[in-house]
Amino acid sequence: MPLFLPRPFRSARARRAAATGLLALACAVPAAIAPALIAPAHAAPACYAPDALRARAGEEIVRRASAPVSLPDVRLPPAQPVPAALSGSIRRVDLPAGVKLVALTFDLCEASGEVSGYDGALVDYLRAEKVPATFFGGGKWMVSHPDRAAQILADPIFEMGNHTWSHANLAVKTGDAMSRQVDDADTAFALTRATAAQAGCMLEKVPARPALFRFPYGSCSVESMGHVNETGHLAIQWDVDSADPAFLGASLMAQNMLRAIRPGSIVLMHANGRGKHTAEALRQLIPALRAKGYGFVTVSDLIAAGKPVVASTCYSERPGDTRVYDEAARTGRHILSRP
């Protein structure tokens, strides 16, 4: 059970010491085990009634925040830095010949001054089709949506990673402000895990802290990458961007993703109300990928099935393409972000 402490008594050094991680994933697994990863998992977390899991009209809408979000202090278990071979940003995974797996990922970001939504139709479809997926939860989003976050965390076909506290640009944030974005989201994850445990969920396979991390805007610095890896998180990027905030329409978005996906791809989408037509696009994309012989896995299972392709820096499609977001963060300008 996590130990809750008053926030004022936690120093920056204590936060960093508390934020060491858990991880040592294998870089390669024999191809013989890959077919097992394709088999559907359980349909939904049994600790929640079906009615509690279903989408509710209007909850996908992004709203202004009416009050600041408070966060108690949580002492997390110590962890180890990620292995040197996995330090950096993981963009995709090279798989053994003939293995066709893809990881669908969904960001749940929530910036300061807003309460993001929850795309329940999207999550309902994934559960109905028994499609594993990886969600990257912002700490503030998890606190604003405690039940939805706990339902995702407890679902055996899903996993959840860290997406910072409030979607700050970690290419620009430095020092304590940077580390707080990472560490406080880990704290929110621990609170979410406690909520799921109180609901009676079986959480043996859910770590005490998230093993995965995604940089907002796909942008990082040497300092922030070092902190993320030192605190036990694999930095997960993507090689396929759905561009789902861009009002492309479901059919064009599905077609673009279908053309870009190849075995070992990691696909970026959103489930926080910022993705436009994402649920509808999935209804086209998933059957089309299955027809091509693809299976769906979480990011962790994808990494375990092959050799991760690791970059030393962060970017969306090519090095340097996130600088527009970095400059906006430095000058205070607002940009409708895709990542």
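Since this is a predicted model, take the numbers as computed values, not measurements.
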Look at the side chain of [X] and the backbone N and O of [Y], then say whether any donor-acceptor pair between them is shorter than 3.5 Å.
X    : Y    : result
D119 : H270 : no
E159 : S300 : yes
D301 : T298 : no
E223 : G175 : yes
Q181 : W165 : yes
K140 : A111 : yes
T195 : P146 : no
N229 : S87  : no
E60  : A55  : no
N272 : C109 : yes

Testing the basics here: between [X] and [Y], what is the closest heavy-atom pair and its distance to 0.1 Å?
X    : Y    : answer
D241 : S316 : OD2-OG, 3.8 Å
F136 : L212 : CE2-CB, 3.8 Å
A196 : A154 : CB-CB, 4.3 Å
E59  : G120 : OE2-CA, 4.4 Å
G232 : V82  : C-CG1, 3.7 Å
P287 : Y125 : CD-OH, 3.8 Å

**Prompt:** Please walk me through it: do H277 and F247 pass ring pair (Phe, Tyr, Trp, His ring centres under 6.0 Å)?
**Reply:** CA-CA 7 Å; H277 310 293; F247 294 96; 7.0 Å; no

Side chains of [X] and [Y]: closer than 4.5 Å at any heavy-atom pair?
X    : Y    : result
M253 : N256 : no
D239 : R262 : yes
H227 : S221 : no
D155 : Y48  : no
S89  : T313 : no
D184 : S166 : no
K173 : S224 : no
L126 : I286 : yes

Is it possible for you to say whether [X] and [Y] belong to one hydrophobic cluster, with membership spreading through side-chain heavy-atom contacts below 4.5 Å?
X    : Y   : result
V93  : L86 : yes
V310 : L95 : yes
L76  : L71 : yes
L101 : I90 : yes
M160 : L53 : no

**Prompt:** What's the verdict on side chain to side chain contact (heavy atoms under 4.5 Å, CB included) for L104 and L282, showing C-alpha distance, side-chain angles and the deciding distance?
**Reply:** CA-CA 10 Å; L104 305 181; L282 283 178; 4.2 Å; yes

**Request:** Verify side chain to side chain contact (heavy atoms under 4.5 Å, CB included) between R148 and I152, making sure each step is shown before the conclusion.
**Result:** CA-CA 6 Å; R148 291 311 196 184; I152 291 173; 5.5 Å; no

**Side chains of R214 and T105, donor plus acceptor under 3.5 Å** =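 A pair is found: one side chain offers a donor N or O, the other an acceptor, under 3.5 Å apart.
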
**Item:** H233 and D186 side chains, donor-acceptor separation under 3.5 Å
**Value:**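 The answer is yes; a qualifying pair exists.
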
**Single hit among W141, F106, F189 for ring pair (Phe, Tyr, Trp, His ring centres under 6.0 Å) with F135** =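 Checked W141, F106, F189 against F135; only one passes ring pair (Phe, Tyr, Trp, His ring centres under 6.0 Å): F106.
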
Let me confirm one number: the [atom1]-[atom2] distance from [X] to [Y], rounded to the nearest 0.5 Å.
X    : Y    : atom1 : atom2 : value
S242 : D107 : OG    : CG    : 9.0 Å
D147 : T192 : CG    : OG1   : 10.0 Å
R290 : L285 : CZ    : CG    : 10.5 Å
R323 : S219 : CZ    : OG    : 9.5 Å
L153 : F158 : CG    : CZ    : 11.5 Å
M257 : L252 : CE    : CG    : 9.5 Å

**Prompt:** Considering residues at least two apart in sequence or located in another chain, which fulfil the salt bridge (Lys or Arg N to Asp or Glu O under 4.0 Å) criterion with E114?
**Reply:**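 Residues passing salt bridge (Lys or Arg N to Asp or Glu O under 4.0 Å) with E114: R274.
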
**Request:** Identify whether NZ of Lys or CZ of Arg in R91 sits under 6.0 Å from the centre of the six-membered ring of Y315 and within 45° of that ring's axis.
**Result:**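 Ring-cation test returns yes.
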
**Message:** Are more than 12 heavy atoms, taken from residues, nucleotides or ligands other than R330, located less than 6.0 Å from that residue's CZ atom?
**Reply:**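 More than 12 heavy atoms, drawn from other residues, nucleotides or ligands, come within 6.0 Å of this atom.
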
**Request:** For a side chain to side chain contact (heavy atoms under 4.5 Å, CB included) with F215, tell me which candidate from M225, H163, Q237 qualifies.
**Result:**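 The passing option is M225.
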
**Request:** Begin from the C-alpha positions of V102 and F296 and carry the test side chain to side chain contact (heavy atoms under 4.5 Å, CB included) through to its verdict.
**Result:** CA-CA 5 Å; V102 60; F296 302 95; 3.6 Å; yes

**Request:** Would you sort out whether I157 and V131 count as a side chain to side chain contact (heavy atoms under 4.5 Å, CB included), showing the intermediate values?
**Result:** CA-CA 7 Å; I157 69 169; V131 174; 5.7 Å; no

